[in-house]
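Protein chains get the first letters and strands the later ones, always in sequence-line order, with residue 1 at the start of each.
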Amino acid sequence: MLVPSTVEEAVTLQSTLAAAVVRTPPPGFAPRTAAGLDVAYAVGSELVAAAVVTVDIATGEVLESATEVGTAAFPYVPGLFAFRELPALLTALGRLRTTPDLLVADGHGLAHPRRFGLACHLGVATGLPTIGVAKTPMADYPPPADTRGATSPLRDGDDEVGAALRTRPGVKPVFVSVGHRIDLATACAQVLALARRYRLPETTRQADHLSRQVLKDSRGELR
DNA sequence: GCGACAG
DNA sequence: ATCTTGTCGC
């Protein structure tokens with residue numbers, strides 16, 4: 001049941017799969033490559049374009065990329081949007097020739113109502129260490145200090161579900177949470193390493209650009 | 001009951 | 001997410 005047919009099924013599935021999330025990195029975890037994933041949509045259409053871009057964490061150099069153009073598998077429902085993007089993202093991931101050491105998803109991981117956002121789903125589905133990096137929080141957060149690297153806790157009730165991470169002074173922070181096989185501190189350190197020049201990690205930026213480009217190209221061909 | 005709600 | 005121009009600033 002990769003794609004549920006109802007909202008109720010989707011919610012139940014998330015709650016079940018949440019138990020499979022591992023909040024600790026593999027022993028001696030020292031990733032050299034990271035892949036960013038993103039999906040672009042066409043207005044008024046169900047057309048989606050998924051992109052995965054692998055970069056060298058130390059240099060930011062793009063090593064490989066893969067894409068998939070398809071149809072949205074599920075309507076957009078806050079808290080369930082993983083079901084919309086997952087099929088296309090997994091297809092694109094399967095086209096990479098080399099498996100990345102780390103995945104960086106465009107959305108939340110544990111910072112989710114049922115502790116199972118897109119990043120967790122992607123991680124559990126692939127078995128790869130995965131980080132969730134979102135541009136918008138689902139809850140309130142105290143603003144982190146205005147210094148690169150500063151963090152503040154993202155809380156959902158009494159649970160600390162992630163962190164607001166300042167990647168650039170004077171700019172809104174990004175919202176980092178554990179996806180799978182990683183801990184929050186390691187996740188923040190990796191995101192900081194990937195976001196040297198811009199607010200968002202290089203992986204996310206590259207995947208965003210590529211997915212938009214592919215969508216643009218495909219809608220031209222399908223006319 | 002009402003509003004909020006990743007992309 | 002997407003629709004959209006210019007503008008301020010490093």
Practice item. Pick out which of L102(A), V176(A), D101(A) makes a side-chain contact (heavy atoms from CB on, under 4.5 Å) with Q190(A). Key: L102(A)

Review point. Roughly how many Å is it from CG in L110(A) to P in dA6(B), rounded to a whole number?
Key: 17 Å

Review point. Does a salt bridge link R155(A) with D140(A), judged by any charged N lying under 4.0 Å from a carboxylate O?
Key: no

Practice item. Could you tell me the separation between the CG atom of D38(A) and the P atom of dA6(B), rounded to a whole number of Å? Key: 15 Å

Practice item. Report the C-alpha separation of D56(A) and R32(A) in whole Å, then their side-chain angles, then the decisive distance to 0.1 Å, and conclude whether the salt bridge (charged side-chain N to carboxylate O under 4.0 Å, His left out) test is met. Key: CA-CA 6 Å; D56(A) 180 300; R32(A) 292 185 301 102; 5.7 Å; no

**Study point:** Ring centers of F74(A), F81(A) separated by less than 6.0 Å
**Key:** no

**Study point:** Touch class at under 4.0 angstrom, heavy-atom based, for R212(A) against every strand present
**Key:** sugar-phosphate

Practice item. State whether a side-chain donor-acceptor pair under 3.5 Å links E85(A) with Y76(A). Key: no

Review point. Which sits closer to the 5' end of DNA chain C, D208(A) or R168(A), going by the nucleotide each is nearest to?
Key: D208(A)

Practice item. Run the salt-bridge test on R97(A) and E64(A) with the 4.0 Å N-O cut-off and return the result as yes or no. Key: no

Check your understanding: List DNA chain C stems (3 or more consecutive Watson-Crick/G-U pairs, under 3.5 Å)?
Key -> none

Exercise for review: Name the nucleic acid region contacted by L80(A), choosing base, sugar-phosphate or nothing; use a 4.0 angstrom heavy-atom cut-off, strictly under.
Suggested key: base

Practice item. May I ask you to say what F81(A) touches in the nucleic acid, namely base, sugar-phosphate or nothing, with a heavy-atom cut-off under 4.0 Å? Key: base

Point to revise | L89(A) CG to dA6(B) P, straight-line distance once rounded to whole Å | key: 18 Å

**Study point:** For atom CZ of F116(A) and atom P of dC5(B), their distance in whole Å
**Key:** 23 Å

Exercise for review: Quickly work out the D156(A) CG to dC5(B) C1' distance and round it to whole Å.
Suggested key: 12 Å

Review point. With sugar-phosphate meaning primed atoms plus P, OP1 and OP2, does A40(A) contact a base, only sugar-phosphate, or nothing at under 4.0 Å between heavy atoms?
Key: sugar-phosphate

Check your understanding: Between dA6(B) atom P and F74(A) atom CZ, what is the distance in whole Å?
Key -> 16 Å

Review point. Can you tell me how far CG of L194(A) sits from CD of Q206(A), rounded to the nearest 0.5 angstrom?
Key: 11.0 Å

Exercise for review: Enumerate, in order of first residue number, the stems that involve DNA chain B, defined as 3 or more consecutive Watson-Crick or G-U wobble pairs with both distances under 3.5 Å.
Suggested key: none

Review point. According to a strict under-4.0 Å criterion, is T136(A) in side-chain N/O contact with OP1 or OP2 of dG7(B)?
Key: yes

Exercise for review: State whether Y76(A) places a side-chain N or O below 4.0 Å from either non-bridging phosphate oxygen (OP1 or OP2) of dA6(B).
Suggested key: yes

Exercise for review: Give a yes/no on whether any side-chain N or O of K135(A) is located under 4.0 angstrom from OP1 or OP2 of dG7(B).
Suggested key: yes

**Study point:** Whole-Å gap separating C1' (dA6(B)) and NE2 (H108(A))
**Key:** 5 Å

**Study point:** Separation of L110(A) CG from I182(A) CD1 (nearest 0.5 Å)
**Key:** 11.0 Å

Point to revise | H121(A)-F116(A) aromatic ring centre distance below 6.0 Å | key: yes

Study note, to complete from the structure: Among dA6(B), dT2(C), dG7(B), the one nearest any side-chain atom of R84(A) is dG7(B)

Revision key, fill the gap. Separation of dC5(B) atom C1' from F175(A) atom CZ, nearest Å, is 14 Å

Practice item. Take R212(A) and D38(A) through the salt bridge (charged side-chain N to carboxylate O under 4.0 Å, His left out) test and state the conclusion after the steps. Key: CA-CA 9 Å; R212(A) 293 191 198 213; D38(A) 196 16; 5.9 Å; no

